[in-house]
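Okay, so here's the structure we're looking at.
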Protein chains: 2
Amino acid sequence: MDSLLDKRKCIIKSALDLVQEHGFHGCPVSMVAKNAGVASGTIYTYFENKDALIIGIYEYVVEEIKKYVSERDDNLSPFKDRFYTYWKSLTDFYELNPSIHGFYDQFLKSPFNSEDLQKKPNAWHDYANSFFEDGIKLGEIKELNPIVLSILVNTNVNSIVGIKKNFKKKLARNNMSLDEISHLIWDGIKAK
Amino acid sequence: MDSLLDKRKCIIKSALDLVQEHGFHGCPVSMVAKNAGVASGTIYTYFENKDALIIGIYEYVVEEIKKYVSERDDNLSPFKDRFYTYWKSLTDFYELNPSIHGFYDQFLKSPFNSEDLQKKPNAWHDYANSFFEDGIKLGEIKELNPIVLSILVNTNVNSIVGIKKNFKKKLARNNMSLDEISHLIWDGIKAK
DNA sequence: GTTAAATGATTGAACGTTCATTCAGTCGAT
DNA sequence: ATCGACTGAATGAACGTTCAATCATTTAAC
């Protein structure tokens, strides 16, 4: 029983790496299977088809993100601190898990991220939305739609992590550190 | 001669629509051909292979973006005005050309956007970078790396346009308008 | 405790489809 | 008459998916 869940997760994880590297269509089921150390037929014990595998990866990924970020949020702290912690947690998580970052970035803009999927309950999105709702209720940030806020902040974190990944050499100079972008965003969204 | 360029552009345009709708791998060459009103073999008169077609669309797209945004920039105006005009031009352009927005968003995160491609000269990226360099030289915006700034601003515009596309109904309420996000970003990046 | 049956995961060759690409022949302009 | 674009059927490789056979583990019977 346990090993079944393990194998499912094992397939997801090895598919995650490959998709991140080669794109959705650059990694055939056979490659995922080989990478996971199983036969290609086995994939179909755990997933209805390849699309379901991709969605399965997505569901795993958002669960992991939510877990990491929410564990580090202390809702008794001042909201400003919570915001910076949120930003840092998300950044850290992506940097610790570059293939999740790569996958998620690709997935969000892909046709896999269909309207139907977006309608389904999503613990990570719910968490992020209610996080920013808190900030608004507390009067700490501007009265923007929390959904917009969360998309905006998450997009920016994604972007920064991507920049760090790609431009590591060029940017290290004497410029304002990339981490300071969080201040820039905070200045933009804080109330007053 | 002219009709050859026309046909190339015609193929690019009809591929653009299809890719935006179905994703890179959801639109076979045969479909592109049919949509463009040519035989599939004809595609190969204009493009070496399907990948080259995708890259061709990308090159067309960034050229159009650059044209639209730079035409509306008056570098004699105060930089703050120029920033708002930049933001508005880019937003307008994407809203006037939703399939370009959809394509570009997908493309940027896809494996097609390879390191090699990123190294190639790109008039739009150069334009955006030097735009923000201007702002820094004029002392109007913070001393961030202009490459970072342009990625950041472009990402945010992209994101806002995407939100407008998807959430038209939900968001129209009484919340601060999405267009105000530009102020939020300006407040964040302006000097002082 | 041993043996036998049952269950269900696993395998990988085989299948059928899809699709990028080719090319021999056609058409149209000059 | 020549040249080059155009056509679209043909090709063959790639890939998702299936399934008969195998294997491992659990259950049942004695």
Side-chain angles (χ1 to χ4, degrees), chain A residues 1-60 103 106-107 110-114 116-117, chain B residues 1-60 103 106-107 110-114 116-117:
Chain A
M1 179 68 100
D2 199 35
S3 76
L4 288 194
L5 289 179
D6 282 356
K7 188 158 286 184
R8 201 186 125 95
K9 195 164 278 185
C10 170
I11 292 169
I12 284 181
K13 281 183 184 173
S14 74
L16 182 59
D17 287 340
L18 292 171
V19 169
Q20 190 269 325
E21 199 177 336
H22 302 107
F24 299 114
H25 300 274
C27 64
V29 173
S30 58
M31 195 192 276
V32 174
K34 189 183 244 184
N35 196 241
V38 299
S40 44
T42 306
I43 305 278
Y44 292 85
T45 308
Y46 298 92
F47 304 93
E48 200 190 329
N49 51 36
K50 196 186 174 184
D51 277 22
L53 166 61
I54 305 286
I55 305 291
I57 303 174
Y58 169 69
E59 285 165 348
Y60 164 75
F103 173 90
Q106 265 184 75
F107 184 91
S110 77
F112 286 107
N113 190 16
S114 64
D116 279 351
L117 185 62
Chain B
M1 180 67 100
D2 198 35
S3 75
L4 289 193
L5 288 178
D6 282 357
K7 188 158 286 182
R8 200 185 126 95
K9 195 163 277 185
C10 170
I11 292 168
I12 284 180
K13 281 183 183 173
S14 75
L16 182 58
D17 287 340
L18 292 171
V19 169
Q20 191 268 326
E21 198 177 337
H22 304 106
F24 299 115
H25 300 276
C27 63
V29 173
S30 58
M31 196 192 277
V32 174
K34 189 182 244 183
N35 196 239
V38 299
S40 47
T42 305
I43 305 277
Y44 292 85
T45 308
Y46 299 93
F47 303 94
E48 200 189 329
N49 52 38
K50 196 186 175 184
D51 277 22
L53 167 62
I54 305 286
I55 305 291
I57 303 174
Y58 170 69
E59 284 165 348
Y60 163 77
F103 173 89
Q106 264 184 75
F107 184 91
S110 77
F112 285 107
N113 190 17
S114 64
D116 280 350
L117 185 63

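Proteins get letters first, then strands, A, B, ... in listed order; numbering begins at 1 in each. Treat the numbers as computed from the prediction; the structure is a model and nothing was measured.
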Can you check the [X] [atom1] to [N] [atom2] distance for me, whole Å?
X: F47(B); N: dA5(D); atom1: CZ; atom2: P; value: 14 Å
X: L53(A); N: dC15(D); atom1: CG; atom2: C1'; value: 14 Å
X: M31(A); N: dC15(D); atom1: CE; atom2: P; value: 7 Å
X: H22(A); N: dA14(D); atom1: NE2; atom2: P; value: 15 Å
X: R8(B); N: dC6(D); atom1: CZ; atom2: P; value: 13 Å
X: I54(A); N: dC15(D); atom1: CD1; atom2: C1'; value: 14 Å
X: I11(A); N: dA9(C); atom1: CD1; atom2: C1'; value: 11 Å
X: Y46(B); N: dT7(D); atom1: OH; atom2: C1'; value: 13 Å

Shortest side-chain distance from P28(A), nucleotide among dT7(D), dT10(C), dC15(D):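 Among the listed nucleotides, the one closest to the side chain of P28(A) is dC15(D).
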Quiz: residues 52-60 of chain A side-chain donor-acceptor pairs under 3.5 angstrom, not counting sequence neighbours:
unit_1: Y58(A); atom_1: OH; unit_2: N122(A); atom_2: ND2; d: 3.0
unit_1: E59(A); atom_1: OE2; unit_2: K120(A); atom_2: NZ; d: 3.4

Atom pairs under 3.5 Å, N or O on each side, protein against nucleotides 21-25 of chain C: can you list them with distances?
unit_1: dT21(C); atom_1: OP2; unit_2: Y44(B); atom_2: OH; d: 2.8
unit_1: dT21(C); atom_1: OP2; unit_2: K50(B); atom_2: N; d: 2.8

Measure the [atom1]-[atom2] distance between [X] and [Y] for me, rounded to the nearest 0.5 Å.
X: K13(A); Y: D6(A); atom1: NZ; atom2: CG; answer: 8.5 Å
X: F103(B); Y: E21(B); atom1: CZ; atom2: CD; answer: 15.0 Å
X: C27(A); Y: K50(A); atom1: SG; atom2: NZ; answer: 5.0 Å
X: R8(A); Y: F47(A); atom1: CZ; atom2: CZ; answer: 4.0 Å

Determine yes or no for a side-chain-to-main-chain donor-acceptor pair under 3.5 angstrom, with K7(A) supplying the side chain and A36(A) the backbone.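 Between the backbone of A36(A) and the side chain of K7(A) there is no qualifying donor-acceptor contact (under 3.5 Å).
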dT10(C) OP1/OP2 closer than 4.0 Å to side-chain N/O of K7(A):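 Checking K7(A) against dT10(C): at least one side-chain N or O falls below 4.0 Å of OP1 or OP2.
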